[in-house]
Amino acid sequence: AAGRIRREFVGVIPQLVENRTLDANTGSSWSELLYEQTTAHAVDETTMNENFQRFDDSKISITPQMVQTTTFVTDKALRNLSSVGIDQMGSLSGNAMMRKKEDDGITALDTSALELGAAGTPASIGDVASANALITSNVTESGGVTGISGVFHGFVIKDFFDELTAGIGTYPVPAGVTADVFQNGWSLPIDGTAIFKNGNIPIVGTDAKGYVFAREAWILVSGMSIKTERERMPRRGGGGDAVTMTDEFAYGQRSPGNWSVEIASDAT
């Protein structure tokens, strides 16, 4: 009489990082050059400046990897299945591909070199502000002051909620951010860091990691565009159709260790 697919969390990471496309006929890797700073010196009318500056460069390369999912449905199954079930099956492969891109993003973020917080300890608003400072005021190279995102499991964001609303019931709370969060849930940025809920972040035991990062810290490079192909297979199972979906992408880190921070915390 009815059908539905299991609800899943909407991915956010691919939208929060820099997206680039590997152009056709340019090889299998996307590359970017980084040129280091040069130095200027004071001179006067008698100076013969032979302190020539050297141009130093380095390169990062990101190689997209293919990802694929395939299904096979026999003619007999199509004849016997309820039409409401068949209608739901069509979007499952696309959801799987989107989830894979989200999970790969979490795996990439989990390699961040800078770490804050501690397992078994609730995350705090101060942890997010510290991560923002590490990124925006990094002594090697600033990650910029805009486009800073924080991605946390909903159980961790609940600790932010508790921290901000701790005084409710103890002292009067006038109209303002505390009252608004108490009524409508967490939607505030923290020290310029936009906060996003992500239920795809795994909880290990009773702990989970959150991530604060600059948009330019991570690059999602796409190769060939996602494609869907149907293959007729009359000899398998009395005949049926295989549907295969293929994509090509990979995450890479820019300025390693400077613009991406892990925050470990309790997530009960």
Side-chain angles (χ1 to χ4, degrees), residues 1-22 24 28 30 62-111 149-158 185 194-205 208-211 213 215 218-252 267:
R4 73 179 186 90
I5 61 176
R6 184 173 295 279
R7 186 177 296 115
E8 55 185 292
F9 297 103
V10 177
V12 297
I13 292 175
Q15 289 76 45
L16 299 178
V17 301
E18 185 173 316
N19 285 258
R20 294 296 185 100
T21 301
L22 176 65
S28 59
W30 180 90
I62 303 170
T63 303
Q65 302 294 316
M66 286 192 294
V67 175
Q68 194 173 78
T69 182
T70 185
T71 58
F72 178 79
V73 181
T74 65
D75 299 337
K76 180 178 176 63
L78 282 177
R79 182 181 182 278
N80 294 342
L81 283 174
S82 167
S83 60
V84 295
I86 295 172
D87 290 343
Q88 298 300 318
M89 290 162 57
S91 61
L92 289 174
S93 292
N95 291 350
M97 298 293 277
M98 293 172 61
R99 190 184 328 113
K100 172 65 173 171
K101 186 173 289 188
E102 177 74 4
D103 289 345
D104 283 4
I106 294 172
T107 299
L109 289 168
D110 200 39
T111 64
S149 300
V151 179
F152 297 90
H153 194 281
F155 293 173
V156 177
I157 293 178
K158 171 61 164 58
I195 303 299
F196 297 89
K197 183 183 297 186
N198 191 333
N200 295 302
I201 294 175
I203 296 177
V204 181
K209 291 182 179 179
Y211 308 96
F213 54 94
R215 184 176 189 85
W218 297 96
I219 309 165
L220 174 57
V221 177
S222 299
M224 62 181 180
S225 300
I226 190 169
K227 61 179 181 178
T228 302
E229 297 179 282
R230 183 180 296 272
E231 180 183 4
R232 181 65 186 170
M233 304 179 70
R235 292 185 298 160
R236 178 185 288 271
D241 293 296
V243 179
T244 303
M245 187 173 290
T246 307
D247 200 359
E248 187 183 27
F249 61 86
Y251 290 86

Quiz item: What pair of heavy atoms forms the shortest contact from Leu109 to Phe213, and how long is it?
Solution: CD2-CD2, 3.7 Å
Quiz item: At what distance, to the nearest 0.5 angstrom, does CD of Gln88 lie from CZ of Arg6?
Solution: 13.5 Å
Quiz item: Val12 and Glu102: side-chain contact (heavy atoms from CB on, under 4.5 Å), yes or no, with the steps?
Solution: CA-CA 7 Å; Val12 297; Glu102 177 74 4; 4.1 Å; yes
Practice problem: Answer yes when Lys100 and Asp104 have at least one side-chain N-carboxylate O distance shorter than 4.0 Å, and no when they do not. | Solution: yes
Quiz prompt | Backbone N/O of Gly11 and side chain of Arg99: donor-acceptor pair under 3.5 Å | solution = no
Practice problem: Heavy atoms only: give me the nearest Ile106-Pro202 pair and the separation to one decimal. | Solution: CG2-CD, 4.2 Å
Quiz item: CD1/Ile13 to CG/Asn200 distance, rounded to the nearest 0.5 angstrom?
Solution: 8.0 Å
Practice problem: Would you check if the side chain of Asn19 reaches a backbone N or O of Pro14 as a donor-acceptor pair within less than 3.5 Å? | Solution: yes
Exercise. Give a yes or no on whether Met98 atom CE has more than 12 heavy-atom contacts from other residues, nucleotides or ligands under 6.0 Å away.
Key: no
Exercise. To the nearest 0.5 angstrom, please state how far the CD1 atom of Ile201 sits from the CZ atom of Phe155.
Key: 12.0 Å
Exercise. Measure the CD1-OH distance between Ile62 and Tyr251 for me, rounded to the nearest 0.5 Å.
Key: 11.5 Å
Quiz item: What is the distance from atom OG1 of Thr246 to atom CE of Met224, rounded to the nearest 0.5 Å?
Solution: 5.5 Å
Quiz item: How far apart are the C-alpha atoms of Thr69 and Met97, what are their side-chain angles, what is the distance that settles it, and do they pass the side-chain contact (heavy atoms from CB on, under 4.5 Å) test?
Solution: CA-CA 7 Å; Thr69 182; Met97 298 293 277; 3.6 Å; yes
Exercise. Any chance you could lay out the side-chain contact (heavy atoms from CB on, under 4.5 Å) test for Val243 and Ser93, step after step, and finish with the verdict?
Key: CA-CA 9 Å; Val243 179; Ser93 292; 5.9 Å; no
Exercise. Using a cut-off of 6.0 Å, state whether more than 12 heavy atoms not belonging to Arg232 lie near its atom CZ.
Key: yes
Quiz prompt | Distance-minimising heavy-atom pair for Ala208 and Ile203 | solution = CB-CG1, 4.2 Å
Practice problem: I would like to know whether Tyr211 and Asp110 meet side-chain contact (heavy atoms from CB on, under 4.5 Å); could you show each step before the answer? | Solution: CA-CA 8 Å; Tyr211 308 96; Asp110 200 39; 3.2 Å; yes
Quiz item: Do you know which two heavy atoms are closest between Leu16 and Ser149, and how far apart they sit?
Solution: CD2-OG, 3.8 Å
Quiz item: How close do Ser222 and Pro64 get, heavy atom to heavy atom, and via which atoms?
Solution: C-CG, 4.4 Å
Quiz item: Hey, is CZ on Phe72 packed in by over 12 heavy atoms from elsewhere, all under 6.0 Å?
Solution: yes
Quiz item: Quick one: do Lys101 and Asp247 make a salt bridge, cutoff under 4.0 Å?
Solution: yes
Quiz item: Could you give the distance from CG (Asn80) to CG (Asp75), rounded to the nearest 0.5 Å?
Solution: 11.0 Å
